[in-house]
Amino acid sequence: MAKLIDGKKISQEIKDEVKEKVAKLKEEGIRISLAVIQVGNNPASTVYVGNKKKACAYVGIQSLAYELPGETTEEELLQLIRELNEKEEVNGILVQLPLPEQIDEDKVIRTIDPKKDVDGFHPQSVGALSIGQKGFVSCTPAGIIQLLKRSDILMDGKECVIVGRSNIVGKPMALLLLRENATVTVCHSHTTDLKAVTRRADILIVAIGKAKMVDADYIKEGAVVIDVGMNRDENGKLCGDVDFESVQEKASAITPVPGGVGPMTIAMLMNNCVESARMKEK
Ligand code: NDP
């Protein structure tokens, strides 16, 4: 039976560390604030934004909420971002995705000042990551690295397989694992014989968005399995991309959904906000 990798516990540790860093910065007269922009009222986005505000309150970061109507134009949103870029007191800018269809997400991401890009989605942040320079790293993959490190799971020299190649999870995940000296393979919807590839993995990271698709058949005995997926099953219950019940029999360690990768994403966002304030001071 696999050991459970407890994202709730590990994310709490990180938030407590961040809280201490925030308190120390406050003693030096440095306050941190994060602007959180939501356009429209997508219910899932409202939950995510609410959780981010709660985390900010917990660690002592001020959150500035911008709740814009669904009809907001692209130019109105870009103008708000430009204003926030200029504001000294704002350290981080987060635009909750997805955006309504009249707004080009790419343009929005590119408008955020890279120094305030706490989500790590700006091309400059992505470029820095790919050539091993300092910069903000996308919070979900950064959180996965912390989950592995803090669970004493060695990445160096290991065969790591990632299923999914999105800009926010799969691709930055591959770059971070390379940085940790893993041997990395990235799979996607065109991969022929997916099972043959995933069965090679010492560490398998699944980020596809398909409820419980990856079952025990995809897993090598003793593998570590990280489930990024957040889906609803046939009963409307939150579940991952991995079939937890069957995979836990074969894996040596596994993340649950909920309580695995999800809470880590927010903890790493808080950490990025502190980094942003530190970088500004330097
Ligand atoms: P995307 O939809 O952007 O990407 C999905 C990826 O999976 C694509 O690369 C796609 O391949 C690949 N894929 C889809 N179907 C298959 C298949 N049958 N076999 C192999 N590969 C496949 O998703 P995201 O990366 O944004 O998110 C993935 C999941 O993670 C979602 O459930 C999302 O909700 C969750 N998530 C969770 C977060 C958290 O904090 N826990 C944060 C971000 C995401 P191709 O490129 O060829 O289309």
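Both counts, for ligands and for their atoms, begin at 1 and track the order of listing. Keep in mind it's a predicted model, so treat the numbers as computed, not measured.
Residues forming a salt bridge (Lys or Arg N to Asp or Glu O under 4.0 Å) with E105 (at least two apart in sequence, or on another chain): none.
For E180 and K149, the salt-bridge test passes: some basic side-chain N is under 4.0 Å from an acidic carboxylate O.
Neither the backbone nor the side chain of T191 comes within contact range of ligand 1; no heavy atom lies under 4.0 Å. Here I208 has heavy atoms under 4.0 Å from ligand 1 in both its backbone and its side chain. With a 4.0 Å heavy-atom cut-off, ligand 1 is reached by the backbone of V228 and by its side chain too. Under 4.0 angstrom from ligand 1, there are no non-hydrogen atoms of M264.
Which parts of ligand 1 touch N231 is read off a 4.0 Å heavy-atom cut-off, strictly below it: atoms 32 (O). Taking a cut-off of under 4.0 Å to the non-hydrogen atoms of G262, the atoms of ligand 1 that pass are 40 (O), 41 (N). Of all atoms in ligand 1, listed by their number and element, those nearer than 4.0 Å to a heavy atom of T265 are 39 (C), 40 (O). Proximity to V163 (heavy-atom distance under 4.0 Å) selects the following atoms of ligand 1: 20 (C), 21 (N). Heavy-atom proximity to G209, at under 4.0 Å, picks out these atoms of ligand 1: 28 (C), 29 (C), 31 (C), 32 (O).
Atom 15 (N) of ligand 1 has K210 NZ, 3.0 Å as its closest protein atom, hydrogens excluded (heavy atom only). At the top of the distance list for atom 42 (C) of ligand 1, counting protein heavy atoms only, stands T140 OG1, 3.3 Å. When hydrogens are left out, the protein atom nearest atom 26 (O) of ligand 1 is I168 CD1, 3.8 Å; that is the closest non-hydrogen contact. Annotation: atom 46 (O) of ligand 1 to nearest protein heavy atom, R165 NE, 2.7 Å. For atom 3 (O) of ligand 1, the closest heavy atom belonging to the protein is S166 CB, 3.4 Å.
Side-chain contact between I30 and E281 is present, with heavy atoms from C-beta onward closer than 4.5 Å. Side-chain contact between L97 and F121 is present, with at least one heavy-atom pair separated by less than 4.5 Å.
Distance CG/N91 to CD1/I32: 6.0 Å, rounded to 0.5 Å.
For a threshold of 3.5 Å applied to N or O pairs, the pair formed by M230 and ligand 1 contains at least one separation below that value. The N/O atoms of S189, backbone and side chain alike, include one that comes under 3.5 Å of an N/O atom in ligand 1.
Proximity of a side-chain donor or acceptor of K280 to a complementary backbone N or O of E88 within less than 3.5 Å is detected.
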Salt bridge (charged side-chain N to carboxylate O under 4.0 Å, His left out) between K212 and E245, intermediate numbers included: CA-CA 10 Å; K212 300 183 190 177; E245 294 309 321; over 6 Å; no

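Judged purely by distance below 3.5 Å, without hydrogens or angles, the side chains of Q38 and T46 pair a donor atom with an acceptor atom.
Annotation: salt bridge (charged side-chain N to carboxylate O under 4.0 Å, His left out) contacts involving residues 61-78, sequence neighbours excluded, comprise K53-E67, E74-K107, E75-R82.
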